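These notes concern the structure reproduced below.
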Amino acid sequence: MTVLIIRAHHRFAMRLPVKLRQAQGKPARGLLIEISKGGARVSNLGASRFEVGEQVELTTSGGIVLHGLIRWAHDGLAGICHATPLHAAELAQLL
């Protein structure tokens, strides 16, 4: 049986160290493993707790800062929806 998943944006796999900061709290270290124009997925967050709808700031090891909202989070993983969709040039800079 084949399952068809329709996504709003093409996703790109990557491995980039990041810090994910909540509005009130110290940043959690993680690994950016997937990105698209509309969002990102971060792994290796350890025991850090994130709540759905929470505003976060994602900072890459290269100093690029992205703002967004937590869409889902569990088991050291988090899905983030960008506050504003990335332009092609911004996405290319991250890749």
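Since we're looking at a predicted model, the values are computed, not measured.
- Proximity of Leu31 to Val18: side-chain heavy atoms (C-beta onward) are nowhere separated by under 4.5 Å.
- Following chains of ILVMFWY side-chain contacts shorter than 4.5 Å, one cannot reach Ile35 starting from Leu69, and the two form parts of different hydrophobic clusters.
- Annotation for Ile70 and Ala78: closest pair CD1-CB, 4.2 Å, computed over non-hydrogen atoms.
- Among all heavy-atom pairs drawn from Glu90 and Pro85, the shortest one is OE1-O, 4.3 Å.
- Judged by distance alone, the side chain of Thr60 and the main-chain N or O of Ile64 form a donor-acceptor pair under 3.5 Å.
- Counting non-hydrogen atoms of neighbouring residues, nucleotides and ligands closer than 6.0 angstrom, the NE2 atom of His74 exceeds 12 such neighbours.
- Side chain of Gln22 to backbone of Ala28: no donor-acceptor contact under 3.5 angstrom is found.
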Problem set entry | CA sep, side-chain torsions, deciding dist, call: Phe12, Lys37, side chain to side chain contact (heavy atoms under 4.5 Å, CB included) | CA-CA 10 Å; Phe12 299 92; Lys37 287 183 180 182; over 6 Å; no
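- Phe50 CZ to Ile80 CD1: the interatomic distance, rounded to the nearest 0.5 Å, is 7.5 Å.
- By the 4.5 Å heavy-atom criterion applied to side chains, Val65 and Leu58 are not counted as neighbours.
- Listed here is the closest heavy atom pair of Ser61 and Leu16: OG-CD1, 3.6 Å.
- Atom CZ in Arg29 sits 11.0 Å away from atom OG1 in Thr59 (nearest 0.5 Å).
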For this session: Please assess Leu86 against Leu94 for the test side chain to side chain contact (heavy atoms under 4.5 Å, CB included), listing each intermediate value before the final yes or no.
Result: CA-CA 10 Å; Leu86 299 178; Leu94 285 165; 3.9 Å; yes
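- Taken together through direct or relayed side-chain contacts under 4.5 Å among Ile, Leu, Val, Met, Phe, Trp and Tyr, Leu95 and Leu66 form part of one hydrophobic cluster.
- Side-chain atoms of His82 never come within 3.5 Å of backbone atoms of Gly68 as a donor-acceptor pair (strictly under, hydrogens ignored).
- Atoms CG and CG, from Asn44 and Leu32 in turn, are 11.5 Å apart once rounded to the nearest 0.5 Å.
- Note: Trp72 CH2 to Arg41 CZ = 5.5 Å, rounded to the nearest 0.5 Å.
- Considering every non-hydrogen atom in both Ser43 and Ile33, the closest pair reads OG-CG2, 3.4 Å.
- How far CZ of Arg11 is from CD of Glu34: 4.5 Å, rounded to the nearest 0.5 Å.
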Problem set entry | Worked check of side chain to side chain contact (heavy atoms under 4.5 Å, CB included) between Leu77 and Leu45 | CA-CA 6 Å; Leu77 294 164; Leu45 291 171; over 6 Å; no
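- One finds the CG atom of Leu20 at 8.0 Å from the OG atom of Ser48 (value rounded to the nearest 0.5 Å).
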